[in-house]
Structure formats: C-alpha cells, structure tokens
There are 2 protein chains.
Amino acid sequence: MANISDVAKLSGLSKTTVSRVINNHPYVSDKKRELVLKAMKELGYTPNPSARRLRGQLTTTIGVIVPKIVNPFFASLVNSIELAAYKKGHQVLISQSNEDKEKELAFLNLLKTKQVDGIIMTSIENDWEMIEAYSKYGSILLCNDYVDQEVVPMIRLDQTKGAYLGAKHLIERGHQKIAYCTGGLFDEHGKGKDRNQGFQKALSEVGMKINPKWIFVDQHTVEDGKQVMKQILEMDDRPTAIFTGSDEVAGGIIIEAKEQHLTIPNDLAIIGFDDQPIAEIVDPKLTTIRQPVDQMGEKSIEVMIEMLENREMKIKNYELPIELIIRQST
Amino acid sequence: MANISDVAKLSGLSKTTVSRVINNHPYVSDKKRELVLKAMKELGYTPNPSARRLRGQLTTTIGVIVPKIVNPFFASLVNSIELAAYKKGHQVLISQSNEDKEKELAFLNLLKTKQVDGIIMTSIENDWEMIEAYSKYGSILLCNDYVDQEVVPMIRLDQTKGAYLGAKHLIERGHQKIAYCTGGLFDEHGKGKDRNQGFQKALSEVGMKINPKWIFVDQHTVEDGKQVMKQILEMDDRPTAIFTGSDEVAGGIIIEAKEQHLTIPNDLAIIGFDDQPIAEIVDPKLTTIRQPVDQMGEKSIEVMIEMLENREMKIKNYELPIELIIRQST
DNA sequence: TTGTATGCGTTATCAG
DNA sequence: CTGATAACGCATACAA
C-alpha cells in the first residue's frame, strides 16, 4: 500500500506538499498540485485514516448505534442516516447494542479513540451520567430516544402527541375499553413515558380510565403480539380496542386475532406505531402513527455535522412532525 | 484520554512492559503485571486502536457489507454475524452498498488502510477482478453471494437445490402452469442463475417448459410483488402458481391477489424464498425455502477468524443446508 | 510557495 | 525478565 512518502518521491516533491494537496490547503502552485495528483492516481494512493486519526482531527466517519438491526424501524432509520451522511461525504459505521449496556459503552469507546467523530444514538441503554462521560471525546447526538434534561442535542418526535392522536382516534371510533401495549414500562419515569402520558391525556379528557389489567409492558415483537392476544382472549372483561407501541406487536395481535376468528376492527380495533412496511402487509392494513424516518436521518446528519464543525455549539432540540395514518384496523 | 505513557508513569514501569501486559506477552513478572493492571484501571485506559493499526497487525474488527440493510434477510444475516463475532471478541462494522459499485469499493478500502482485518461480503456488485485487487490487503469472504471460480472462501447455500425443491413442490401439487419471479435475471450467467437452473431442472424432469411471458426479472420488494400480480391478472393465459425469489415479493403478490379477490392457494399458489418473518405474517402464511441465516453468520465468522489466523489458508467453500418449509400458500 | 523536523500512541527489535 | 529506541503514515509549526 502506497503511502505519502511514495507519492512525494514519485512526484519529486516533499511530503508536506503532498499533504497540502490532500487537504486542499492554499499556497500550492497549480503545477505542483497537478504533479501530486498524477502521482497519487498512478500509485492508487489512499490516505491512511489510522494515521490521520492518530495525528488528530476529523475522520469523516460517524457512528450509529441501534438496539437491534433486525427491527425494521431501526433498519430504515439507519438507512436514512447512511444515505444522508454519504451525500455529505461521511462514512457511517453501524453497530447494534442488542440492548446491552456493555456493548453500548464499547461502541462509545470509538469516540475516546477517535475512530469516529461523533455518534448518533438511536437508543440509550445506560444512564445518561455514564454516557455523558464520553461526550468530552466527541459529539453525541440522540435521535429517536432522548433524555429528560437538555444536556445533549436531540432529534425527537412528539411521542406524547402521537400517542394522544392514536388514543383519541380510538375514542372517536366509539371505544370505551382500550388496552395499552408498550415496548417500555407504564410509569411516570420509565421508558416510553411520553406515550403513556399522551395516551392517558386522551382518556382523561373524556373521563375514561384504563383498566390496569389491560396494560402490557415490554412488548416488542410479532410473537409478543400474539401472546398479548392470547391473554386478552382469556379475560372475562375484554377491551374492544388496543393501542400498541409498535407495528410489529400490532401485527402479531392481528394475526392471532384472525387465528381465533375475531373480526377486525369490529370485534377488536388495533392501532400500531411507526408506520413500517408491515403496516401495509397485514390484513386488514394497520392504522398507525407515522414516524418520519427519512426526515429523522437527514436532520440527524445535518445537526451532527454542525456539531462537528462547531464543537461549542449551543445545545438545541429538534422536533419532527408525527402523524396518524388511518387504514383498516380501526 | 490516558495513553500508554501515562500508565507507564503511574505504574513506575516502561511503556514496553505495559505493552507486554496489554498483549499478554510472556516474560512479565506477576508483581509488575498487577501494578500495570492497577494503573490501567485507575486511569480508565483503553489502547488506541488507530495507533495499533498504524503500527500494523490485527484490529479485531471485521467489516460486513450488505446491499440494503432494510432488506430483512440481510438485516438478520448481519445480526447473526454480529452476534457470532461478538462472542469471539471481534467488533463488527456494518455498511450498506446500496448496490452501488463505488460504495462497495469505498468500503473495501477499509482493508487497504487496515481499519478492518477482513470483510464479509454478502453481495457483490463489482466484477470479481476489481474486488480481488483488495484481497492482498486483507481477508475477503463471500457469504450468500458468490463467484464462479474457486478463488475466495465462500459460505453458500445450494440455491439450485432450493429452487429445485420449491418448483418440484409446486409440480407435485399438480401445477402445470408455473410463473417465475426472480431478483436477478433469467439467463445462463447472470445473477440468480443457480436458482434458474434448479427451477428449470424440476420442470424439465416432468417435460414441462416455462412460458416466457411468465418470467419476471429484477423483482425485490413487496411493491414489486403487487405489480407482478397486476400484470398477471391482465394475461389471457394465466399461471396457476408462482415461484418467487423472495418472501417480500411473494408477500406483495399475496396482498394484491387478495385485493383482487383471488383465493390462495386455490386460484393461485405462491412460494417464497428466505423464510423471513413476513412469511408468517401474511395471510395465508407463505410456503418458502428457508435459508439458515444463523448458521451462515456463525460459519462466516468461524471461517473469517481462521483466515485471519492463517493468511495462507487453502481456499475452501462451505455449503449449508437449504430446506423447504410448507405452509398455507401452496 | 515549499521543505524540515517533530510528535500522535503503539509495538517490535535489540540490548541489557 | 525489563527497558530504550525506532518505526508505522500523517499533518503541523517553523524555517527558508
């Protein structure tokens, strides 16, 4: 592999001049620039990023951490981030934490060691205090997930509003008995609390209260959805509608409901979250709350690059629109 | 960020000794080893990978390139690779080529610059000659996709057999008019030729021939599947069964078929490929050909690590089992 | 406008 | 068993 010295030798110039050409510095005569460029091409030269990193400064590489890449929501989010970054000349390194605190920290270590300029976190597993320690080594941006204090730039959606819209929609369809199914917990402070709030707000506006038996926490997959449906079927007092935190879970509920010969939405109305491809695959098609994945990716990269160019940037949060998509399941 | 000198200073030893401890070299007394370990912990020291890379040798990082991460088959393949690598103490950097030759080469450049020890390619966009040029800088392994010559280790499936099983199954169900839908081309040499061969073999064994009008090439998504179905509906002479190269496309066909009030499998039988989650989500559930994604990931990492430890390893190919899963769509 | 010398953090070589 | 030193490839301060 050719290095900068080889290029210098072949072009008959110094390493410094070559370096200047590589980095588009001024004060290089056009003639010599040509010479260098020619030599670079001839040798198939690529600057060695490890050396550049070691030396300091930028890597034009951005890390993205997702909990699970097999989750279609995160796959499409990663996709949109990657495309946006590529347009701006940045490479993207992806890693999945598998919801494991250790792995999350291992990936953040890339910052410490300057392998990436910044990291976009789409989920956060450790306490913020843990993660904050890494922010002095590089830029951290939260996209999708978030923390309560305004201590780091965040790209987020008004989850409260999204859940509110969904719940209200069910109420307007005449439902009085609505179950709630979340990937997080159902309390004031845990994961997914915004959605909880939005949901409860819609209910309390019309004087409704949720039956605690109809709350399902920590549900993520199609399989989880099927299990939820089975549990509901065994209840004496069944809900007539289900609000879920993911299209996957909603899809599972629909599949199992049909298996049990329930008619949707007549016997049971279901609403999803995310507007993933599965929403249009299941039959009946899923009413859901759309998260604007493409915008999230683009905004993340935009803000990340801004952060990199200006390390002392003021911390700002960005909120993207969230929207109810009505299909056949409600 | 603490470096090796800091550790040396704090422990009162030389950088060399610290380095020896880090790399588990022999000839370090237990006492000094303890000392170093303690200092490392105290400073929260992590060796700087850029420096290690620059110096040469291994990075314990493996790259994986996929065409599109939003394709669930590749997402799950990446997932299984990542899990297997993590078990072995390797980090995985993922990148998507988006079926773009340039991007593929850009990622291969990570080899040239020693940012990764090896790259697992799950798809190959450029001609092999192009890619081969990079193999002198690091290990390249093909998983899923492949080339004809035995010039690089490959983890592959007997696609010919898979397609053969699928086609034969349709024939055994009594179908005489079978359409063929592929993500590649339909010729002797192009993408997907193995499946073509397997498909044709099954047909010719019973003296059948495919109607050229029933061949659909370059089909990938659910949306593509819907379009295929629409085209079929406009035909005078319609097939009674469709063989597809992906569960996504098969799913799209099913959705559109139901939209048009066809009964599956009575009016039309459909068979998918991959056994992705969608296969059990659509209604009726999809008969499909299972690709053993988990095994592919594990075997890839196993072979890759073997390659890294022994650069002059003999090139071998590995074939994994492929299997027909019969559900409701046939 | 160009070149020389230095150091980034690590590990291999060689000398004790 | 331990340590001093050079080298990996690059970019910058400084000198010319």
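Quick caveat: nothing in here was measured; it's all calculated off a predicted structure. Chain letters run A, B, ... following the sequence lines, proteins first and then strands; every chain starts at 1.
- The two residues B/A84 and B/G297 make their nearest non-hydrogen contact at CB-O, 4.1 Å.
- To the nearest 0.5 Å, the span separating CG on A/L43 from NZ on A/K38 amounts to 10.5 Å.
- Rounded to whole angstrom, the span from the CD1 atom of B/I4 across to the C1' atom of D/dG3 amounts to 12 Å.
- The pair A/E302-A/K299 meets the salt-bridge criterion, with a side-chain N (NZ, NE, NH1 or NH2) lying under 4.0 Å from an Asp/Glu carboxylate O.
- Rounded to whole Å, atom C1' of D/dA7 lies 14 Å from atom CG of A/N48.
- Whole-Å rounding puts the A/R52 CZ to C/dG9 P distance at 18 Å.
- A distance of 4.5 Å separates CG of B/N144 from CE of B/M296, quoted to the nearest 0.5 Å.
- In this structure, CG of A/L54 is placed 14 Å from C1' of D/dT12, rounded to the nearest angstrom.
- Contact check, A/N3 against D/dG9: a side-chain N or O comes under 4.0 Å of OP1 or OP2.
- In B/K9, the NZ atom is not crowded: 12 or fewer heavy atoms of neighbouring residues, nucleotides or ligands sit closer than 6.0 Å.
- Non-hydrogen atoms lying under 4.0 Å from DNA chain D are contributed by B/L13, B/S14, B/T16, B/T17, B/R20, B/Y27, all within residues 10-27 of chain B.
- For B/E102, the CD atom is loosely surrounded, since the number of other residues' heavy atoms within 6.0 Å does not exceed 12.
- Of the residues in residues 28-37 of chain A, those with a non-hydrogen atom less than 4.0 angstrom from any atom of DNA chain C are A/V28, A/S29, A/K32.
- A side-chain donor-acceptor contact under 3.5 Å links A/Y146 and A/D194.
- Of the listed residues (B/I140, B/I119, B/I120), just one forms a side chain to side chain contact (heavy atoms under 4.5 Å, CB included) with B/M304, and that residue is B/I120.
- Classification of A/K101 and A/E104 as a salt-bridged pair fails, no side-chain N sitting under 4.0 Å from a carboxylate O.
- Distance B/M40 CE to C/dT10 P: 11 Å, rounded to the nearest Å.
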Requested in this report: Decide side chain to side chain contact (heavy atoms under 4.5 Å, CB included) for A/Q149 and A/E132; before the verdict, give the C-alpha distance in whole Å, the side-chain angles of both, and the deciding distance to 0.1 Å.
Outcome: CA-CA 12 Å; A/Q149 318 88 310; A/E132 190 166 32; over 6 Å; no

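- Contact check on B/K316 versus B/E306 returns no salt bridge, with no Lys/Arg side-chain nitrogen under 4.0 Å from an Asp/Glu carboxylate oxygen.
- Axis orientation changes by 40° from one end of the helix from C/dT1-D/dA16 to C/dG16-D/dC1 to the other, with each end axis drawn from 5 pairs and the value rounded to 10°.
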